[in-house]
Amino acid sequence: MGAVMGTFSSLQTKQRRPSKDKIEDELEMTMVCHRPEGLEQLEAQTNFTKRELQVLYRGFKNECPSGVVNEETFKQIYAQFFPHGDASMYAHYLFHAFDTTQTGSVKFEDFVTALSILLRGTVHEKLRWTFNLYDINKDGYINKEEMMDIVKAIYDMMGKYTYPVLKEDTPRQHVDIFFQKMDKNKDGIVTLDEFLESCQEDDNIMRSLQLFQNVM
């Protein structure tokens with residue numbers, strides 16, 4: 001998630017501003033079309049401090065003055081970080097993973113909740129979130145076609161300059177290996193329990209997922 005990571009990296013470099021700016025942050029939160037939950041509540045629900053949430057909110061509001069982001073805007077922001085590939089399909093899947101209520105828009109609360117899991121969540125929390133990303137139709141299972149769609153979208157996004165020697169069938173081979181290991185009862189679908197067990201017992205799968213998480 002290059003755009004998200006870029007925003008988060010600013011947390012490490014921002015200097016503490018005077019209390020005047022803190023007041024401005026709070027005032028700005030009353031001026032957008034959608035007002036986020038209080039910072040205290042978000043602090044309790046995430047792994048971020050109130051100060052970090054203020055910095056994240058300011059960056060979010062700069063990109064999305066209305067307080068929400070729709071899918072088209074999300075794709076435009078994400079595409080900036082992958083100029084050598086086509087990020088539109090992966091951004092589509094990622095957007096719908098962020099849009100947990102399926103409203104067609106991502107609010108600041110959705111953004112920081114997902115970011116909190118991806119950056120500071122436990123291994124189990126990260127894997128559950130990744131399972132939800134791969135479960136495109138949200139039926140509680142991952143089939144091979146869904147996994148293929150996500151993996152191909154990642155390869156398309158990284159582009160030929162990143163993987164110049166890949167063959168066309170490489171994503172399919174990758175998925176076949178993954179799915180064979182994950183579908184333990186060979187019923188053609190991967191449940192959450194199968195996904196969690198496979199990822200945590202197989203170092204190769206875990207390393208591959210961590211590589212993919214770097215583009216979230």
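- At most 12 non-hydrogen atoms from other residues, nucleotides or ligands lie less than 6.0 angstrom from CD of Gln180.
- One finds the OG1 atom of Thr100 at 8.5 Å from the CG atom of Asn132 (value rounded to the nearest 0.5 Å).
- Atom OG1 in Thr46 sits 4.5 Å away from atom CG in Leu53 (nearest 0.5 Å).
- Classified by interplanar angle (parallel below 30°, tilted 30° to 60°, perpendicular above 60°), the ring pair Phe95/Phe74 is perpendicular.
- Remark: side-chain polar atoms of Asp86 are not paired, donor with acceptor, to backbone N or O of Asp156 under 3.5 angstrom.
- Closest approach of Asp176 and Lys144 over heavy atoms only: OD1-NZ, 3.4 Å.
- Note that OG1 of Thr113 is 11.0 Å distant from CG of Leu118, once rounded to the nearest 0.5 Å.
- Remark: side-chain polar atoms of Gln41 are not paired, donor with acceptor, to backbone N or O of Gly38 under 3.5 angstrom.
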Item to complete: Just do the salt bridge (Lys or Arg N to Asp or Glu O under 4.0 Å) check on Lys186 and Asp183 with the steps written out, would you?
Response: CA-CA 5 Å; Lys186 309 304 177 189; Asp183 184 14; 5.9 Å; no

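- A distance of 9.5 Å separates CD in Glu52 from OG in Ser116, rounded to the nearest 0.5 Å.
- Screening residues 188-203 for salt bridge (Lys or Arg N to Asp or Glu O under 4.0 Å), with sequence neighbours left out, gives Lys181-Asp202, Lys184-Glu201.
- In this structure, Tyr57 OH and Leu42 CG are separated by 11.0 Å, a value rounded to the nearest 0.5 Å.
- Heavy-atom minimum distance, Gly67 versus Phe60: O-CE2, 3.5 Å.
- Phe179 is not listed as a side-chain neighbour of Met148, based on a closest heavy-atom distance of 4.5 Å or more.
- Side-chain contact check for Lys61 versus Arg58: every heavy-atom pair is 4.5 Å or farther apart.
- Counting only heavy atoms from C-beta outward, the side chains of Phe178 and Val190 never approach each other to under 4.5 Å.
- Nearest heavy atom pair, residue Pro171 against residue Tyr155, reads CG-CD1, 3.3 Å.
- Glu63 is linked by a side chain to side chain contact (heavy atoms under 4.5 Å, CB included) to Ile77, counting only residues two or more places apart in sequence or in another chain.
- Scanning both residues, Cys64 and Val69, for their nearest heavy atoms gives SG-CB, 3.6 Å.
- Between Phe195 and Tyr134, the ring planes are tilted. Angles from 30° to 60° get that label.
- For Glu125 (side chain) and Ile117 (main-chain N/O), no donor-acceptor pair under 3.5 Å exists by modelled atom type.
- Met182 and Ser198 get closest at one heavy-atom pair: CA-OG, 3.2 Å.
- Cluster annotation: Ile177 is not connected to Ile189 through the hydrophobic network of ILVMFWY side chains, with a link wherever side-chain heavy atoms come within less than 4.5 Å.
- Shortest non-hydrogen contact noted between Phe131 and Gly140 is CZ-O, 3.5 Å.
- A salt bridge links Asp110 with Lys107; the closest basic N to acidic carboxylate O contact falls under 4.0 Å.
- In Tyr141, the OH atom is not crowded: 12 or fewer heavy atoms of neighbouring residues, nucleotides or ligands sit closer than 6.0 Å.
- Taking CG of Leu133 as the reference point, atom CD of Glu146 lies at 10.5 Å (rounded to 0.5 Å).
- By the side chain to side chain contact (heavy atoms under 4.5 Å, CB included) test, His92 is found to be paired with Glu71, Lys75, Met89, His96, residues two or more places apart in sequence or in another chain being considered.
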